[in-house]
Amino acid sequence: MVSEGAAVSGARTAPERAEVALASLMATPPTPDRLRRLLEQALVFAGVSFAGVYTPGDDPTQLCLAESAGLPRTLYGLRDCYPATGTFPVAEAHRTGRPRWLGPAELATCPDARRTPSPEFSLAALPLGPAGGGCLLAVGEHPGGFGTDDRACLELIARAVAVPAPPAAGDTGELPEDAFSLAMDTGRVEVGEAILRLFGIGRDSFDGRVETLLGRAVPEDLPALMSVVEADHMSIGDRELEFRILQPNGRPRWLRLRGRLQPGGEGRPARLVGTVADASTLRTGVTDVARVQRLAAALATAGTVKDVGQAVVAALREPLQADRIALAELENDRLVVTVLDPPEPEAWPEVWRSEWRTEWPDAPVRAMPTLAAALREGRARIWPAGSPLEPALAEVGPGGLAVLPLPAGGRMAGACLIGWDRPHEFAPDERALLTACAGLTGQALLRAHAFDAEHELVGMLQRTLLPRRLPRLPGAVAVARYLPTTAGLEVGGDWYDVIPLADNHVALVIGDVQGHNAGAATLMGQMRTALRAYAAEGHTPDVVVAHANRLLLDMETDLFATCAYVDVDMEQGTAWCVRAGHVQPVLRHPDGTAEIVQAEGGPPLGVLPQADFPMTPLRLLPGTVLALTTDGLVESPGTDLDAGMDRLARELAAADPAHLGLVADALLTGAHRGDDVALLLMRYDGMAVRPLRESWTVWRVPEAVRHARRFTRRTLRSWGVSPDTLDTALLVVSELVTNALVHTGGPVRLDMSLVNHRLRLAVADSSPRSPVKPASIGWEATGGRGILLVEAVSEAWGTVPVSGGKQVWADLVPDG
């Protein structure tokens, strides 16, 4: 149906044209698709959006949908079956033999019809012959109810419809060459010889499994094809789809599937029966049902607003032979265009180009009052060539223009404009097609907006939780890369961290929290913080990971996490590796060989309360590269983990470790983006100047402080420390050791190190309490001056937690 202003050609009325078309159709030899073609006449001549035939099946108490045409029945809340004794118009027309005509007002009072989502629809139920023979059901966009001509056309179609006989339970006759019969419970399929020839499969080599046929489909078409052959996504009625298969020569071939789902009975499974034909030379005749199904399948996988627009362009522009399509979102009083096809500014009106600000135009709705009116009404409008429109719209479609408001969530989400340069003859049923496409697109836009907002929020959360930059390491260089998944543009729980520790140790951490959502990203931040805190306390790697495991269990979350933790001693070139369900590290040795480390591992974090996490020693020579990654880099649906790890090792061996950032970028090239990818690389160069270190266990004896002073004096003299610095060091050692012996219990250890002319004196004890510097000390006080003395003579001092206790340290800078 065209809008006001569209020219009406021909002198015949709609019923007269319908009668001629039906007579011509009935004069042809019977074909399996005759019933569907009869129903399509209701779309053309009565302007309905859905037409279906309900007939008694194996169970006479139920009226089941045998055939349908037009939009999916689910858009109008219609069922596959209705009780024959029920109150729905289908059952009443079947029982009484009298038609039922319901406008929006009558539908509002019909309990079984309240599932219809819009008050602007009308419903007609016409008996097929005498009472008890089934009925024809039609739903149309008729706010005032079906008019006289529409009713006459539907009555003609109801008289022409031949009720299909239900399939016999024991029918085991030979299938026609182009037919198939698929059992929905087992996936076993019977196919004719012509179908096997189309798929390039011999009868002797065909195993009867539907997966064998689906395996020949082009991957991009498989989701739409699965939506037809999976029972969970189907309803009774006609199904039509075009898809591509790959021929033995590698070229695609277009096939057309037509079928319907037959409900099962006692002892019989539901079956999908139909035909498959070569569509390579018939593609211009794609039906509206196939177009809507193809668009619905594409929008089901569209994750962003831009993806939605691209799916609409791909589904409509070529089939409608349109010259341009614009998809725009309505934001306040402006129409923000997100997708233009073609994208060149010169292809669009001058007012749009004047508003061109960034990548897409920002067109004012006030400059296009016709468009504004269409958005207010919320109905698809079509203007043929020569219609008087404002320039902003007339230049979009001088040969014809269609404006599709996009409803979603009770409001208008935007609009889709389709324009033709040459005069376009609008088919009578084109409005129904465009209305269906608009509804699907509006809902997809609403989902994409919500997805984009969640993705941006989670992405910002994850960027905040990951390290902003890696620290500079003594004797090593580290780089990291993170790639979020592009499958749905979700953000997951992959993380990495580089943690500087005491005594020139560095912890390298990489992990992966199960899932791709805000919960996974939040848990990732919690686990990264926990591991950093446990590592800073001075625990060994196995204890750090065990603590994180207990913490995750205490959170009572359903998620788990994998982790690899490597503690590297930069002075000695050694490391300890702990794995918790994570992929193995990879080492590139200085000679250019790569090794997948066979580190013994424990279970993922958050799985077992009592779990062991064994440590594996590693040896790092100068020039060694350590690679830690998540499974997104080495595992994909088409590649198993072992093959991915072998590929990573080969690529790492072939890389030049002198430019570690380029190595990381090269390893990520071609990464499968179906999962998050985190990569952490460290090149160990060795420390240019190794610190001098000595330690002394302070025994709790009366002469303990004197022994500590004597050890300090002997050590610092051997290091060549000046006498003045030696005296200061002895004072600091006396105060720190005395405080530890007096105020704590358990063992006490004195550590000294000299690196780059900086002397560090540290005393560790088993008490977690840090020393408190007094605010003031009176002359009569007998203690409390020790920390003040340490602060006065030291360059710096502080305290850090160490394995359940603490370490108090002070730095001195020797003279000369």
Assess Arg760 against Trp809: is NZ or CZ under 6.0 Å from the centre of the six-membered ring, and within 45 degrees of the ring's axis? yes
Discussion item. Donor-acceptor check, side chain of Arg683 to backbone of Pro657, threshold 3.5 angstrom: yes or no?
Written reply: yes
What is the ring orientation for Phe199 with Phe243, classed by angle as parallel under 30°, tilted 30 to 60°, or perpendicular over 60°? tilted
Under 3.5 Å side-chain donor-acceptor pair for His582 and Arg579
no
Across all chains, not counting sequence neighbours, the salt bridge (charged side-chain N to carboxylate O under 4.0 Å, His left out) partners of Arg216 are none
- Query: Within a radius of less than 6.0 Å around CD of Glu211, do more than 12 heavy atoms belonging to other residues, nucleotides or ligands occur?
  - Reply: yes
| request: Output yes when a side-chain donor or acceptor of Tyr684 lies under 3.5 Å from a complementary backbone atom of Met570, and no otherwise. | output: yes
Exercise. Considering only heavy atoms from C-beta outward, does the side chain of Arg528 approach that of Val509 to under 4.5 Å?
Worked result: no
Side chain to side chain contact (heavy atoms under 4.5 Å, CB included) filter on Gln598, not counting sequence neighbours, yields Gln584, Ile596
Do the side chain of Asn549 and the main chain of Gly606 share a donor and acceptor less than 3.5 angstrom apart? yes
**Message:** Under a 3.5 Å distance rule, please check whether Thr616 uses its side chain to pair with a backbone N or O of Glu600 as donor and acceptor.
**Reply:** yes
Keeping the roles fixed (side chain from Thr593, backbone from His589), state whether a donor-acceptor pair exists under 3.5 Å. no
Exercise for the section: Determine yes or no for a side-chain-to-main-chain donor-acceptor pair under 3.5 angstrom, with Asp656 supplying the side chain and Ala658 the backbone. Expected result: yes
Say whether, by atom type as modelled, one donor and one acceptor occur between the side chain of Thr630 and the main chain of Ala678 under 3.5 angstrom.
yes
Contacts of Ala655 meeting side chain to side chain contact (heavy atoms under 4.5 Å, CB included) (sequence neighbours excluded), chain-then-number -> Val663
